[in-house]
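The structure under discussion appears below in the form of structure tokens.
Numbers here simply count residues along the sequence, with the first being 1. Computed from a prediction, not measured in an experiment: that's the story for all the values here.
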Amino acid sequence: MREPHTALRLVDTKGLDRDAWLDIRKGGIGSSDAAAAVGLNPYKSPLELWMEKTGRASTTGEHAGFDDPRYWGTLQDPYVASAYQQRSDRRVRRVNAVLQHPAFPFMLANIDREVVGSAEVQILECKTAGEFGSRLWRDGVPEYVQIQVQHQLAVTGKAPADVAVLLCGQQLEIFRILRDEDV
């Protein structure tokens, strides 16, 4: 197992506009890119990711509007985090930064929340899933989300993470992801 490390705060994101944030993301592989990079994201191929990172495809269309599930998921993150705090009796806070691995600068991460004062769990990833997406959660955390969280754990040097998912707008499930160096 690797020695623990602390992620570098590459850029503070509080007050940063979306286009500037997307430009920063082009400089590396973020946690939400990790599954696509290895061909395991059901929503984005490695080719699409490569085209975005090399400027051959626009990323400004991300979260394009009210008909985009990612828009609603981002909008609901604070509510999922609040429900997680109530259910788990743990306190969370926003990080508001693009984090960078200290030894592998291409590895970037934006984490939804940091769990405060707990050795048991240190990162919270918030998710939402509608009727179609909730099917991917029947057997636990989908593989593409597990890869996203493992990437976050690798970048931050943290140990376990929790994934809180709001299914169909009314059912909160919480799953624990342990750091796996092999992944």
Side-chain angles (χ1 to χ4, degrees), residues 1-2 5 7 10 21-64 67-74 76-77 80 84 95 98-114 121-168 171-183:
M1 182 176 243
R2 287 192 176 180
H5 63 269
L10 183 63
W21 176 72
L22 289 171
D23 280 343
I24 292 162
R25 285 181 44 127
K26 284 182 183 176
I29 300 296
S31 51
S32 61
D33 300 325
V38 296
L40 295 173
N41 186 324
Y43 304 109
K44 185 183 291 184
S45 72
L47 177 59
E48 290 170 307
L49 177 65
W50 176 80
M51 290 178 67
E52 288 175 7
K53 296 295 179 180
T54 59
R56 289 170 173 84
S58 172
T59 56
T60 57
E62 283 193 23
H63 301 274
D67 60 346
D68 189 331
R70 295 170 297 179
Y71 169 81
W72 293 104
T74 300
Q76 294 179 59
D77 274 0
V80 175
Y84 170 83
V95 174
V98 175
L99 304 176
Q100 182 180 46
H101 193 287
F104 303 105
F106 67 90
M107 292 180 69
L108 307 176
N110 288 90
I111 61 173
D112 289 337
R113 300 289 187 279
E114 177 180 36
V121 62
Q122 299 171 331
I123 292 175
L124 173 64
E125 178 63 26
C126 300
K127 295 291 185 190
T128 59
E131 183 179 355
F132 174 75
S134 66
R135 297 174 187 157
L136 299 174
W137 293 82
R138 282 188 190 140
D139 298 322
V141 181
E143 188 174 40
Y144 74 99
V145 176
Q146 291 181 42
I147 291 170
Q148 175 184 4
V149 173
Q150 288 293 341
H151 187 91
Q152 292 169 346
L153 294 171
V155 168
T156 61
K158 306 274 186 198
D162 276 352
V163 177
V165 58
L166 182 62
L167 300 169
C168 297
Q171 180 183 346
L172 183 72
E173 298 286 338
I174 299 172
F175 301 93
R176 176 77 31 93
I177 306 268
L178 301 176
R179 185 174 170 150
D180 183 336
E181 292 296 327
D182 291 337
V183 173

Nearest non-hydrogen partners of [X] and [Y], listed with the distance:
| X | Y | answer |
| --- | --- | --- |
| Val155 | Ala7 | O-CB, 3.3 Å |
| Asp180 | Asp182 | OD1-N, 2.9 Å |
| Leu153 | Ala161 | CD2-CB, 4.0 Å |
| Ser32 | Asn41 | O-ND2, 4.2 Å |
| Lys26 | Glu52 | CE-O, 3.9 Å |
| Asn110 | Gln152 | O-NE2, 3.7 Å |

Euclidean distance, [Y] [atom2] relative to [X] [atom1], rounded to 0.5 Å:
| X | Y | atom1 | atom2 | value |
| --- | --- | --- | --- | --- |
| Ser31 | Met107 | OG | CE | 9.5 Å |
| Thr128 | Leu172 | OG1 | CG | 11.5 Å |
| Glu131 | Leu167 | CD | CG | 12.0 Å |
| Gln171 | Ser134 | CD | OG | 8.5 Å |
| Ser45 | Leu40 | OG | CG | 12.0 Å |
| Gln150 | Glu181 | CD | CD | 8.5 Å |

**Request:** Please answer whether the main-chain N or O of Ala159 pairs with a side-chain N or O of Gln122 as donor and acceptor at a distance below 3.5 Å.
**Result:** yes

**Asked** Has the side chain of His5 got a donor or acceptor atom that lies under 3.5 Å from a matching backbone atom of Ala103?
**Response** no

**Asked** With sequence neighbours left out, which residue pairs that include part of residues 136-145 fulfil the salt bridge (Lys or Arg N to Asp or Glu O under 4.0 Å) condition?
**Response** none

**Item:** Pairs involving residues 29-38, ordered by first then second residue, that meet salt bridge (Lys or Arg N to Asp or Glu O under 4.0 Å) (sequence neighbours left out)
**Value:** Arg25-Asp33, Asp33-Lys53

**Message:** Applying side chain to side chain donor-acceptor pair (under 3.5 Å), can you list everything that pairs with Gln76, at least two apart in sequence or on another chain?
**Reply:** none

**Item:** By side chain to side chain donor-acceptor pair (under 3.5 Å) - contacts of Asp162 (at least two apart)
**Value:** Tyr84, Arg176

For the residue pair [X] and [Y], establish whether any side-chain heavy-atom pair is separated by less than 4.5 Å.
| X | Y | value |
| --- | --- | --- |
| Ile29 | His151 | yes |
| Gln148 | Lys127 | yes |
| Ile123 | Val149 | no |

**Asked** Who pairs with Gln100 by side-chain contact (heavy atoms from CB on, under 4.5 Å), at least two apart in sequence or on another chain?
**Response** Leu8, Leu10, Pro105, Leu108

**Request:** Please name all residues satisfying salt bridge (charged side-chain N to carboxylate O under 4.0 Å, His left out) with Glu114, sequence neighbours left out, ordered by chain then number.
**Result:** Arg93, Lys158

**Item:** Parallel, tilted or perpendicular: rings of Tyr144 and Tyr43 (30°, 60°)
**Value:** perpendicular

